[in-house]
Amino acid sequence: MPVGTTVASFGLLADAVSTVQSFVEVFVGVYVLLIFAYVLTSWIRMPYSLWLSRIQRFLYDVCEPYLRLFRRVLPSLGPIDVSPIVAVIVLVGLDQIVVRLLDRLH
């Protein structure tokens, strides 16, 4: 294989790794914001508000499956739900691990 092809292959791999890193970081950032919005909207009760109920339903459908994983494991603390806090910490930790692993491929 010629040297130019090898350099181009490494450049393409580095570009793909950077793209995956950016995707993971943006995905985690958006998902953390969705969890935050889910928590905030869970405190708001507006009867007969069609737009708010649609937003809450969307956030429920997106966030609840992930949060449910932690609710099964964490002990109940009465009315305080710490699963969003733990879920965000785990998500950010996994983000850091994936980005560092991908950095090694760079």
Side-chain angles (χ1 to χ4, degrees):
M1 188 184 313
V3 174
T5 307
T6 306
V7 171
S9 297
F10 284 125
L12 187 61
L13 177 64
D15 186 43
V17 169
S18 297
T19 303
V20 171
Q21 281 178 325
S22 296
F23 173 78
V24 169
E25 288 175 346
V26 168
F27 178 81
V28 168
V30 168
Y31 204 73
V32 167
L33 288 175
L34 288 173
I35 291 172
F36 183 67
Y38 177 63
V39 170
L40 286 179
T41 59
S42 70
W43 295 339
I44 301 170
R45 297 286 178 235
M46 292 179 64
Y48 312 114
S49 177
L50 184 61
W51 63 272
L52 182 61
S53 67
R54 286 183 179 168
I55 291 171
Q56 286 175 328
R57 184 63 193 177
F58 169 76
L59 292 171
Y60 175 84
D61 290 342
V62 171
C63 298
E64 191 59 32
Y66 179 62
L67 294 176
R68 199 175 308 126
L69 295 171
F70 297 98
R71 287 190 183 123
R72 288 182 193 156
V73 177
L74 295 173
S76 177
L77 297 176
I80 299 172
D81 184 16
V82 295
S83 62
I85 298 168
V86 175
V88 166
I89 291 170
V90 169
L91 195 62
V92 169
L94 287 174
D95 173 46
Q96 294 298 316
I97 290 170
V98 169
V99 167
R100 288 195 177 143
L101 286 174
L102 289 172
D103 263 343
R104 291 183 181 211
L105 293 176
H106 232 204

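Put simply, Val30 and Val28 are part of the same group of oily side chains (I, L, V, M, F, W, Y) that touch within less than 4.5 Å, one to the next. Cluster annotation: Val90 and Ile85 are assigned to distinct hydrophobic clusters (Ile/Leu/Val/Met/Phe/Trp/Tyr, side-chain heavy-atom contacts under 4.5 Å, transitive). In this structure, Leu33 is not a member of the same hydrophobic cluster as Leu94, with clusters built from ILVMFWY side-chain heavy atoms closer than 4.5 Å.
Expressed to the nearest 0.5 Å, how far CG of Leu52 lies from CZ of Arg54 amounts to 12.0 Å. Interatomic distance, CD1 of Ile89 versus CZ of Phe70, reported as 10.0 Å (0.5 Å rounding). For the atom pair OG1 of Thr41 and CG of Leu34, the computed distance is 10.0 Å after rounding to the nearest 0.5 Å. Once rounded to the nearest 0.5 Å, the distance linking CZ of Arg57 with CD of Glu64 reads 10.0 Å. Remark: Leu59 CG to Phe36 CZ distance equals 12.0 Å, nearest 0.5 Å. Between the CZ atom of Arg72 and the CG atom of Leu67 there is a distance of 11.5 Å, given to the nearest 0.5 Å.
The two atoms that bring Gln56 and Ile44 nearest to each other are NE2-O, 3.1 Å, heavy atoms only. The shortest heavy-atom contact between Leu102 and Val20 is CD1-CG1, 3.5 Å.
Of the options Val99, Leu101, Asp95, a side chain to side chain contact (heavy atoms under 4.5 Å, CB included) to Ile97 is made by Leu101 and by none of the others. Of the candidates Val82, Asp81, Val86, Val88, Asp81 is the only one forming a side chain to side chain contact (heavy atoms under 4.5 Å, CB included) with Pro84.
Within the 3.5 Å criterion, the main-chain N or O of Ala87 finds a donor-acceptor partner in the side chain of Tyr66. The main-chain N or O of Val62 is found under 3.5 Å from a side-chain atom of Tyr31 such that the two form a donor-acceptor pair.
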